[in-house]
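These numbers come from the heavy atoms of this one structure, side chains and all, not from hydrogens, waters or symmetry mates. Indexing begins at 1, ligand by ligand and atom by atom, following the structure's order. FYI, the numbering just counts along the sequence from 1.
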Amino acid sequence: MKIAVLALQGAFEEHRQMLEQLGVESVLIRNLNDWQQHFDGLILPGGESTAMMRVMKDEALFEPIRDAIKDGLPVFGTCAGMILLDDKHLGCMDITVKRNAYGRQLGSFCIEHEVNQIGIVPMVFIRAPYIERCGSGVEVLSTLDNHIVAARQDHMLACSFHPELTADTRIHKYWLSTIYEKR
Ligand code: GLN
């Protein structure tokens, strides 16, 4: 098992470390050349979605990433990574995401909260988005104050918060288990 982590900007290193802790090999994707190798899944990290969109397009990675996900490449998007997966960006998940949805006052916060199939996990929100609309093929995994903060659609998992910034590996393990199931 080898997992690619999009490393154009943002919290990619923390994802790489979490994979290392789980004994999973990872590769950082910075350009089209890195993209050519074989891997079993892709992580889109948190950071700044507008910057990531721009660099993805500059590096000619936008179409290859979109097409690979649409063809079934397992993907996990956290925070800005969730924004990238929505209908206004890569258009892979049938979700509409509201950016910076918690406003300035509540820009960043940390709580413990339930995720279906996983249990109560620590959630770190940093200028976080939430899902404001999802299609019928989307399974809602966690709702906080009536807003969707984690969801899965087939081979695609997205969450508003940053599991890679905590010591809790269960969400990564859950996503990896969905890849093993498919193999
Ligand atoms: N506010 C960022 C954006 O809109 C997301 C924040 C994050 O990834 N922590 O892209």
*side-chain hydrogen bond (donor to acceptor under 3.5 Å, both in side chains) evaluation trace for His38 with Asp40*: CA-CA 7 Å; His38 170 80; Asp40 305 286; 3.2 Å; yes
_Any carboxylate oxygen within less than 4.0 angstrom of a Lys/Arg side-chain nitrogen, looking at Glu48 and Arg99?_
yes
*Heavy-atom distance under 4.5 Å between the side chains of His15 and Thr78, does that happen here?*
yes
*Per-ligand residue contacts, ligand 1, heavy-atom threshold under 4.0 Å*: Gly46, Gly47, Glu48, Ser49, Cys79, Ala80, Ile83, Arg99, Asn100, Ile126, Arg127, His162
*Working to the nearest 0.5 Å, report the span between CD1 of Ile65 and CD of Glu59.*
10.5 Å
*Mind checking whether His147 and Tyr102 have parallel, tilted or perpendicular rings, split at 30° and 60°?*
perpendicular
_Ser142 side-chain N/O to Glu114 backbone N/O, donor-acceptor pair under 3.5 Å_ = yes
